[in-house]
Amino acid sequence: MEHTHKVAITVNGQEREVAVPARLTLADLLRHHLHLTGTHLGCEHGVCGACTVLVDGAAVRSCLMLAVQAHGTKVETVESLSSLGALHPLQEAFMKHHALQCGFCTPGILMTLVAFLRDSRGVTAEAVRDALSGNLCRCTGYQNIVNAVLHAADHMPK
Amino acid sequence: MKPPPFEYHAPRSLPEAAKLLAELPDAKLIAGGQSLMPMLNFRFIAPSHLIDLNGIGELSYIRKSTDTVAIGAMTRQRDLELSSIVAAQLPVMREAVGYIGHVQTRNRGTIGGSLCHLDPAAELPAIAMAYDAEVDTVSIRGVRTMTMADFPAGYMTPRITADEIVKEVRLTAWHGRHSCAFEEFARRRGDFAIVSVVVLLSAGPDNRITRVALTLAGIGVAPMRISNAERLLLGKLPTTAAFEEAAAVCSTAEASEDPYASAAYRKYLIRTLTLRALNRAAQRLTAAR
């Protein structure tokens, strides 16, 4: 039996404690142990960005971080965005602008852009494209994602 | 689980980490993990022990002194990007950091990790070389300092022994009237460069070039300064003709070949990007007058 480590983290505002092997990635902790399957795994080597979550507010690739490294941190996943059926303004904008098709990449893109919009003032299309550069989307061609973010930036409470 | 099994250690201090590294057989250090984690996920490597440096707060800082900027090995690339000290003292580092991966990887990736991974096309080793950096390593045997010029031992291999940990990088800031430029060509935004060029340029009151640092990355086993092109520019006026000559000299450097780019294509890029970087630095020099 592989040795396990105790990991205490706050996920989407809830304190969780699990015992996991050191080699478990944060992404697998979220999906397999906490059953938060909104975080998607595409490439599992840091290229596609689908697994992006916020760790202490910073957008990171959860496939490139061990669950044990997240001990003591606050993690936010795509499940944190909507509450009681009400979508986040960015999710509303994605729906309005058809910024997703198959939706596989969307959770990572949303979490990337939530951090981007939080940290940005005077959002331009170029800045949005730069922020999106670490997330692959094979359906949309990005155009509608950029439109959605620009819309959300204008309509989101700061 | 994708990574192979290993024993995990999370030291809270540098001496503790050095002791673990000296004592544990087949141990590997993990810094930001943005290169090591993919290697683990692919099972390219299977260390018996993983020593995590992320809990060592004393390794994360950016400090300015009279001539140098000292950066702790665990300082995140994103912190370099947002640092006012870096922007003011090491402007070409500020310019280049935006080309390292993406925000999500820069939030984790560290300067020490980037130097030790030593990808030939990585930005930070080239920047360290451009600023004549010194690298401090620590082990249970003590602290050792080496120049960035001596740091690469070969392809993706720093000249550090198995028990040493990179502790600090000190870059020498330029003073007086000077400017800089960074140019890079990659197939995709945030991907490793096929070729990148770092230029630092200084000129006297008569506008003649008094000092120049010209560094190429992506072309061979490690980034390199092109000293014959630097010498050629000294004392010259910053004209396109002089820059074309220097760019031609740079393109005679031996260039590597891989499935993505031939040596001839790399040489073409070296010439084009060097000329672009020199011209842009010269324009900025005029503006800095």
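Chain naming here is simple, since letters A, B, ... match the order of the sequence lines and numbering starts at 1 in each.
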Please report the closest heavy-atom contact between [X] and [Y], naming both atoms and the distance.
| X | Y | value |
| --- | --- | --- |
| D28(A) | M1(B) | OD2-CA, 4.4 Å |
| E44(A) | N41(B) | O-ND2, 2.8 Å |
| P5(B) | E2(A) | CB-OE2, 3.9 Å |

Within the supplied structure, the quantity of interest is the number of heavy atoms (other residues, nucleotides, ligands) at a distance under 6.0 Å from R187(B) CZ; does it exceed 12? no
OH/Y61(B): more than 12 non-hydrogen atoms of other groups inside 6.0 Å: yes
Taking C-beta and beyond as the side chain, do L132(A) and H102(B) meet within less than 4.5 Å on heavy atoms? no
Would a 4.5 Å heavy-atom cut-off, applied to side chains only, mark L40(B) and R23(A) as touching? no
So, applying side chain to side chain contact (heavy atoms under 4.5 Å, CB included) with L66(A), which one of N54(B), L50(B), D52(B) is it? L50(B)
Should M65(A) and R108(B) be marked as a side-chain contact (heavy atoms from CB on, under 4.5 Å) after you check the CA-CA gap, both sets of side-chain angles, and the distance that decides it? CA-CA 9 Å; M65(A) 199 171 159; R108(B) 293 291 297 167; 3.7 Å; yes
Sequence neighbours excluded - ring pair (Phe, Tyr, Trp, His ring centres under 6.0 Å) pairs with any residue from residues 95-128 of chain A: H40(A)-F104(A), H97(A)-H151(A)
Choice from A59(A), P21(A), A22(A) maximising heavy atom contacts with chain B below 4.5 Å: A59(A)
Residue from T25(A), V60(A), N135(A), T52(A) scoring the most non-hydrogen pairs under 4.5 Å with chain B is V60(A)
R189(B)/D130(A) ion pair, N-O < 4.0 Å: yes
If one checks every heavy atom of S133(A) against chain B at 4.5 Å, the contacting part turns out to be both
Measure H71(A) against the heavy atoms of chain B and call it side chain, backbone, both or neither at under 4.5 Å. neither
Using a 3.5 Å distance criterion without hydrogens, assess whether the side chain of N107(B) forms a donor-acceptor pair with backbone atoms of A58(A). no
Test Q104(B) against T112(A) for side-chain contact (heavy atoms from CB on, under 4.5 Å), laying out the working first. CA-CA 8 Å; Q104(B) 299 102 318; T112(A) 298; 2.9 Å; yes
Angle class for the H45(A)/F42(B) ring planes (parallel below 30°, perpendicular above 60°, tilted otherwise)? tilted
May I have the step-by-step check of side-chain contact (heavy atoms from CB on, under 4.5 Å) for L64(A) and L36(B), ending in yes or no? CA-CA 8 Å; L64(A) 297 189; L36(B) 192 68; over 6 Å; no
